[in-house]
Amino acid sequence: MKNNDNLDAKKEKKVNKIKEQLALLRAKLASEKKHPSPPLEPKPVKIKSETKQPKAKKKAKEAKKKQVRIREEVKKPQVRIKEEAKKKQVRIKEEAKKKAKEAKKKAKEVKKKAKEAKKKQARIKEETKKKAKEAKKKQARIKEETKKKQARIKEEAKKKREEAKKKEEEAKKKEEEAKRTYEEELEEQLTEEEITGFQLEKTDMDKMCNRVCEIIADYESDGILQSQLWKKFKLSSRDGSRLALKLERMGNITREKILEKERWTYKLIIKKTPVSTKSIEGSPCLTCPVEAKCSLDGEISPKTCQWIEDWVMIELKNK
Ligand code: SF4
């Protein structure tokens, strides 16, 4: 900018100088027109008049030439000024063009920068989005892992609980095994038929069962230790145990497991005394003519039967 100003000042100085020169020339031309230089007195020559004429003509020609030169000289600065003005215009035009070009370039750069900023913004947005997505994924992964971990812990706890339960059960089983009695082992070995059909050689089992039940009944709800009972009947443990199992299956007694002198055994308690055939030997029902029509809820019933009443009364008196 400073260089341009210096250039303009120089040019202006030059133009002013030319203008001054032009003014001087104009002034000179004007004075020559006013006071034309006196023509040179022709020297008296002895030559003929024919030689004088070309000399005047030559002078006029020179004056004309001088005039033309002066005119040209006057014209020259004007042309130069014009040319310079033209050049200046061209230069201004070029500068304007250059400036416009630069402005265009600048606008282009601004546009480019705006585009880049937009791109950058889009990239940042995209990266932010990507990061958010990744963070979300990470969070989901952490959640999943936590869930898995929790499930694993839960599973392990469950496993441990199950193992503890298993151990407890095993301990219980061992304890139970320690409590196991001979009868229990026997019960496992024998079939139901072998239990209910238990028979001692040369023994009336009905009578024996009735007798055993009568003795157990004497002890009422306190019951009697099976070992004591078998001693009375001189039975082995195996036979006694089988007989107790038989009576239990028949519903006559209940067996209660107890610890006696650090040994697990059974106490037998009466549940139902079996009816002996002897007790109903004199019953009127055995010879009753209307027995077929007799039922608990019928017209002929033991509830209202006089024969039964009489028989029971006699039996009680006899006892
Ligand atoms: S209850 Fe009386 S009627 Fe019935 S069968 Fe016995 S004796 Fe006969």
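We're numbering straight along the sequence, starting at 1.
- To the nearest 0.5 Å, atom CD of residue E84 and atom CD of residue Q89 are 13.0 Å apart.
- By the side chain to side chain contact (heavy atoms under 4.5 Å, CB included) test, E256 pairs with I258, K267, I269, sequence neighbours left out.
- Side-chain atoms of S283 come within 3.5 Å of backbone N or O of C285 as a donor-acceptor pair.
- Around NZ of K257, the count of heavy atoms belonging to other residues, nucleotides or ligands within 6.0 Å exceeds 12.
- Every side chain to side chain donor-acceptor pair (under 3.5 Å) that R255 has, sequence neighbours left out, goes to E187, E248.
- A search for side chain to side chain donor-acceptor pair (under 3.5 Å) contacts involving Q306 returns D310, not counting sequence neighbours.
- In the hydrophobic clustering, V290 connects to I300, W307, either directly or through intervening members, whenever side-chain heavy atoms lie under 4.5 Å apart.
- Between atom OG1 of residue T254 and atom CD1 of residue I216 there is a gap of 9.0 Å, rounded to the nearest 0.5 Å.
- Applying the side chain to side chain donor-acceptor pair (under 3.5 Å) criterion to D206, with sequence neighbours excluded, gives no partner residue.
- Not counting sequence neighbours, the partners of T191 by the side chain to side chain donor-acceptor pair (under 3.5 Å) test are E194.
- Remark: E192 engages I195, R249 in a side chain to side chain contact (heavy atoms under 4.5 Å, CB included) (not counting sequence neighbours).
- Listed by chain and number, the residues in a salt bridge (charged side-chain N to carboxylate O under 4.0 Å, His left out) with K293 amount to none (sequence neighbours excluded).
- With hydrogens and angles disregarded, a donor-acceptor distance shorter than 3.5 Å links the side chain of T304 to the backbone of S301.
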With a cut-off of 3.5 Å and sequence neighbours excluded, list every side-chain donor-acceptor pair involving residues 124-134.
unit_1	atom_1	unit_2	atom_2	d
T128	OG1	I124	O	2.5

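- Looking at residues two or more places apart in sequence or on another chain, you find a side chain to side chain contact (heavy atoms under 4.5 Å, CB included) between R263 and T265.
- Taking a 4.5 Å side-chain heavy-atom cut-off between Ile, Leu, Val, Met, Phe, Trp and Tyr, the cluster of I92 contains only that residue.
- Using a 4.0 Å cut-off between charged nitrogen and carboxylate oxygen, E168 and K165 do not count as a salt-bridge pair.
- Under the rule for a side chain to side chain contact (heavy atoms under 4.5 Å, CB included), the partners of E73 that lie at least two apart in sequence or sit in another chain are L25, R69.
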